[in-house]
Amino acid sequence: MLSYEAMKPTKWLLGITGGIAAYKTPELVRLLTKQGKQVRVVLSKGGSAFVAPLSLQAVSGHPVYSELLDTDFEAAMGHIELARWADGILIAPLSANRLAALALGMADDLLTTLCLATKAPIWVAPAMNQQMWHHPATQQHIATLKARNIHILGPAFGEQACKEVGLGRMLEPEDIVSQLFAYPKPLQGRNILITAGPTWEAIDPVRFISNRSSGKMGFALAQAATRLGANVVLISGPVTLPTPQGVKRLDVVSAKEMYAAVMQQVENMDVFISAAAVADFYVKEAASQKIKKDMQADFWQLTLAQNPDILAQVAAREKRPFCVGFAAETENIQANAKQKLQQKNVDLIAVNDVSRKDIGFDVDMNALTVFSPEATYHIPKDSKYHVSLKLLEIISEQVCKKYNYESLINV
Ligand code: PMT
């Protein structure tokens, strides 16, 4: 699975260990807070030789923690509590000594103890003399940390405080922050077609049949896919949402118009995601003039005819993209979804329970169960944007599996 870990942490613990680069850490705190993150600082004894706790307290707006056995600190927020509070840990600079302690799982100071006591993902920016960096012991410790899913940022190449030149400088604070929050681009260069919103099926020039879709799910998917590097064409029914940056948007009204637009765009698409709530029926003989109330009897009948099933028709094409459907269900969710997966011959179906008021139609949150012919995935309730990132992650994985690609980029 791709890692979107750095996108979510909002509560960051910044560990600072002994190294000349520690003097740059107030800037690091400033850049993290500029990203909207809360930051608490843990300063090792070595670190405090290079940066004053007071500077860090001023920029983070919180006391700086240093001692493992500090009664004041334990009374305010104990070390276990601090380890639970953080949802992301960054150690910069990380000295050779503390790197070894981390690799060995030691708990001989506050920072290493917190690293053992937390479930939060950890990023480290090592900084040391270039000989020390290349030493087999250091490299072995780095391999241990990587195997434990600890993310290594840098080090950078350049002139060092000791006047030697080589690998071992801490990355600049801007580079650390941009690497932390850089989105992976697993969909770079891929073409994705997405439908969104409802369709309107005219009864007369002023009345129509429709549904409660707001377009939010499809628009969030378009925004997330663009962020992951894809070229996105979004075909939208009538909604009032702004077009996400970088997305090519085509507006349609009825299901037949959506069908025509999809068929015109689908040729070179790698993935088709059908998030629109397409009306299954249209009014067979829509009136060309507004139907007058006085022309109506007590009962008034509309004859409905079936609209084309856009998703099924795309999936039936000889040269077809990877097809992802949505299913809006209110009961027998699993059975209905699996039936749609087979009937429409699609690669994945993402099901939302639209009987719930907190997810699905016309709200900002969603939760999905995604079925492939072989597997089931659960995407827990989150914003439609973050649900989209997770769904695109599953789609990337499944596309690679289906076509035996190592990655979706440049294949
Ligand atoms: O727009 P929002 O307010 O954010 O709400 C999001 C949503 C609930 C509309 C969305 O997440 C969703 O579930 N969309 C699909 C709704 C739907 O039409 O489900 P369905 O079970 O009727 O259709 C199954 C699939 O076939 C869907 O991918 C649909 O786009 C497609 N379809 C259906 C009918 C048709 N004539 N052509 C189609 O392509």
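We count residues from 1, following the sequence as given.
In this structure, Thr138 contributes its side chain and Met132 its backbone to a donor-acceptor pair below 3.5 Å. When atom types are taken as modelled, the side chain of Gln160 and the backbone of Gln130 share a donor-acceptor pair closer than 3.5 angstrom. Looking only at distances, a side-chain donor or acceptor of Lys319 sits under 3.5 Å from a matching main-chain atom of Glu267. Here the side chain of Asp270 pairs no donor or acceptor atom with the backbone of Arg190 at under 3.5 angstrom. A side-chain donor-acceptor contact under 3.5 Å links Thr199 to the backbone of Ala279. With Thr376 contributing its side chain and Phe371 its backbone, the two residues share no donor-acceptor pair below 3.5 Å. Of the possible donor and acceptor atoms, none in the side chain of Thr330 sits under 3.5 Å from a partner among the backbone N and O of Ser355.
Defined by atom type and a distance below 3.5 Å, a donor-acceptor pair is present between the side-chain atoms of Thr112 and Asp108. Using modelled atom types, one finds no donor on one side chain facing an acceptor on the other under 3.5 Å when comparing Asp280 with Asn307. Checking Gln313 against Tyr259 by side-chain atom types alone, a donor-acceptor pair falls below 3.5 Å. Side-chain polar atoms of Gln398 and Tyr377 form a donor-acceptor pair below 3.5 angstrom.
Heavy atoms of other residues, nucleotides or ligands lying less than 6.0 angstrom from NZ of Lys119 number 12 at most. In this structure, Tyr23 places its OH atom where only 12 or fewer heavy-atom neighbours from other residues, nucleotides or ligands lie under 6.0 Å away. In Gln139, the CD atom is crowded: over 12 heavy atoms of neighbouring residues, nucleotides or ligands sit closer than 6.0 Å.
Here the NE2 atom belonging to His141 is positioned 8.5 Å from the CG atom belonging to Leu145, to the nearest 0.5 angstrom. Note: Ile152 CD1 to Gln179 CD = 11.5 Å, rounded to the nearest 0.5 Å. A distance of 4.5 Å separates OG1 of Thr25 from CG of Leu56, quoted to the nearest 0.5 Å.
Annotation: side chain of Leu114 is not in contact with side chain of Thr118 (no heavy-atom distance under 4.5 Å). Within the 4.5 Å cutoff, no side-chain heavy atoms of Thr113 are placed close to those of Leu116. Proximity of Ser388 to Met217: side-chain heavy atoms (C-beta onward) are separated by under 4.5 Å at one or more points. Looking at Leu187 and Leu392, their side chains come closer than 4.5 Å, going by heavy atoms from C-beta outward. Residues Ile192 and Asn231 have side chains not in contact (no heavy-atom distance under 4.5 Å, counting atoms from C-beta outward).
The one candidate from Lys381, Lys384, Lys216 that meets the salt bridge (charged side-chain N to carboxylate O under 4.0 Å, His left out) condition with Asp364 is Lys216. With Glu329 as the fixed residue, the salt bridge (charged side-chain N to carboxylate O under 4.0 Å, His left out) test singles out one of Lys338, Lys340, Arg356: Lys340. Between Leu193 and the options Asn268, Val262, Val314, a side chain to side chain contact (heavy atoms under 4.5 Å, CB included) holds for only Val262.
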* Asked: side-chain hydrogen bond (donor to acceptor under 3.5 Å, both in side chains) between Ser213 and Asn211: does it pass, once the steps are laid out?
  -> CA-CA 6 Å; Ser213 170; Asn211 58 61; 4.5 Å; no

* To do: Would you check, one step at a time, whether the test salt bridge (charged side-chain N to carboxylate O under 4.0 Å, His left out) holds for Glu81 with Arg84?
  => CA-CA 5 Å; Glu81 220 175 312; Arg84 286 195 194 127; over 6 Å; no

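Salt bridge present: Arg207 and Asp204 bring a charged side-chain N and a carboxylate O closer than 4.0 Å. A salt bridge does not link Arg212 to Asp362: none of the charged nitrogens lies less than 4.0 Å from a carboxylate oxygen. Salt bridge Glu201/Lys256: absent, no basic N to carboxylate O contact under 4.0 Å. With respect to Lys390 and Asp382, no salt bridge is recorded, no charged nitrogen being found less than 4.0 Å from a carboxylate O. Asp347 has a carboxylate O that lies under 4.0 Å from a charged side-chain N of Arg320, or vice versa, which qualifies the two as a salt bridge. Classification of Lys45 and Asp109 as a salt-bridged pair fails, no side-chain N sitting under 4.0 Å from a carboxylate O.
Checked against the 6.0 Å centroid threshold, Trp85 and Trp12 do not count as a close aromatic pair.
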